[in-house]
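In what follows, every chain begins at residue 1, and chains take the letters A, B, ... in the order their sequences are listed.
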Protein chains: 2
Amino acid sequence: MMIKINLQSDVPLYTQLTNQIIEGIASGALARGEALPSVRSLSSDLGINMHTVNKAYSALKQEGYVEIHRQKGVVVQNSLPEADDAYYRQLEEKVRPIISESICHNVSEDALLELCRSIFKQIRSSGKAT
Amino acid sequence: MMIKINLQSDVPLYTQLTNQIIEGIASGALARGEALPSVRSLSSDLGINMHTVNKAYSALKQEGYVEIHRQKGVVVQNSLPEADDAYYRQLEEKVRPIISESICHNVSEDALLELCRSIFKQIRSSGKAT
DNA sequence: TGTCTGTTATACAACTACTATAACAGATAA
DNA sequence: TTATCTGTTATAGTAGTTGTATAACAGACA
């Protein structure tokens, strides 16, 4: 799986990493049980520090996306976390300000829903492509 | 309009402020042309520093939500910014990781769309209420 | 003139993001 | 056993962000 880092972005490097890996899992590009590159190899591939990759991996572990086997390395969880009430609350907290902004920018409800649908589609198809 | 600050949250204070004010504008609770409290009065009401409020107001000005008249203070823009291509790109960048996460948590497309619809509804109705 | 407004300049403490070395411990293969 | 791979931990430095604290400035208006 291809991972790209934008050093100019104001999004922290480890967040860019976690986002892309989560999208990889969502799309199926990263299969359950598949191993991620080691912190050392990925950091040297991307030209960034080992600890930055480690921070991303630790966050993914914390949130239940991966588990870690010594020597085997970091592996995508077979059973991903199910959404519970806490997750839905936190999801709403993230979406709410985005919707407020959209309303102010005169983006209609339909337009936003359509954007969501197209992103769902994109993610699903990007998994099949790989 | 009621503004509440959560000092325990990991969301920066000035971000909490901008989010709530933007939601206020979106809902109509803050009318076009209406004046916001002065940085000094709002900061003392909330028990936070003047500069924190000022940072929120400056961000709102930067993004075109308010304009500033000396003496009159900070006033909601009559013509809010319209969504352009750049806005849609940045909107997709925000929504994309949320959708990836949702997929991994087994949240269906329909469930997420329904959440968006309910938030739209909430925001619109909260404006009428006030 | 006094008082309101936003603005600007400094400065400080705490925290975050990223980097840099270095070392440790478990697992595996030669 | 030894070498090499894995993640983990410790320490430390730089830079930037967040929030606070004083203080002063300039425009507007009663």
Student: Charged N to carboxylate O below 4.0 Å: is that the case for A/Glu67 and A/Lys72?
Tutor: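 Here A/Glu67 does not pair with A/Lys72 in a salt bridge, since their nearest N and O are not under 4.0 Å apart.
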
Student: Ignoring backbone atoms, establish whether B/Asn54 has a side-chain N or O less than 4.0 Å from OP1 or OP2 of C/dG6.
Tutor: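 Result: no.
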
Student: B/Tyr57 side chain: which of D/dG7, D/dA23, C/dG6 is closest?
Tutor: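 Output: C/dG6.
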
Student: Check this one for me: any side-chain N or O of B/Lys55 less than 4.0 Å away from OP1 or OP2 of D/dT20?
Tutor: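 It does not, given that no N or O in the side chain of B/Lys55 lies less than 4.0 Å from OP1 or OP2 of D/dT20.
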
Student: Please tell me which of the listed nucleotides, D/dG19, C/dA23, C/dT8, lies nearest to the side chain of A/Arg40?
Tutor: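 Out of D/dG19, C/dA23, C/dT8, the nucleotide with an atom closest to A/Arg40's side chain is C/dA23.
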
Student: Which nucleotide sits closest to the side chain of B/Ile68: D/dT6, C/dG6, D/dG19?
Tutor: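 Nearest nucleotide to the side chain: C/dG6.
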
Student: Using a heavy-atom cut-off of 4.0 Å across all strands, would you classify A/Lys72 as base, sugar-phosphate, or nothing?
Tutor: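 No contact at all - A/Lys72 keeps every heavy atom at 4.0 Å or more from the nucleic acid.
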
Student: Nearest to the side chain of B/His51 - D/dT22, D/dT8, C/dT19?
Tutor: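 Out of D/dT22, D/dT8, C/dT19, the nucleotide with an atom closest to B/His51's side chain is D/dT22.
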
Student: So does A/Glu109 pair up with B/Lys121, basic N to acidic O under 4.0 Å?
Tutor: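 No salt bridge links A/Glu109 with B/Lys121.
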
Student: By nearest atom, which of the nucleotides C/dT7, D/dT18, C/dA20 is closest to the B/Pro12 side chain?
Tutor: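 Closest of the options to the side chain of B/Pro12: D/dT18.
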
Student: Both A/Leu36 and B/Thr15 contact DNA chain D. Taking the nearest nucleotide for each, which residue is further toward the 5' end?
Tutor: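 Final value for this comparison: A/Leu36.
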
Student: Looking at A/Asp85, I'd like to know if its CG atom is crowded, meaning that more than 12 non-hydrogen atoms belonging to other residues, nucleotides or ligands lie closer than 6.0 Å.
Tutor: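 Check fails, neighbour count at 12 or below.
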
Student: Over all strands shown, is B/His69 touching base, sugar-phosphate only, or nothing at heavy-atom distances under 4.0 angstrom?
Tutor: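 Nothing: the residue B/His69, judged by heavy atoms under 4.0 Å, touches no strand.
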
Student: Given D/dG19, C/dA20, C/dC18, which nucleotide is nearest the side-chain atoms of A/Tyr14?
Tutor: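 Output: C/dC18.
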
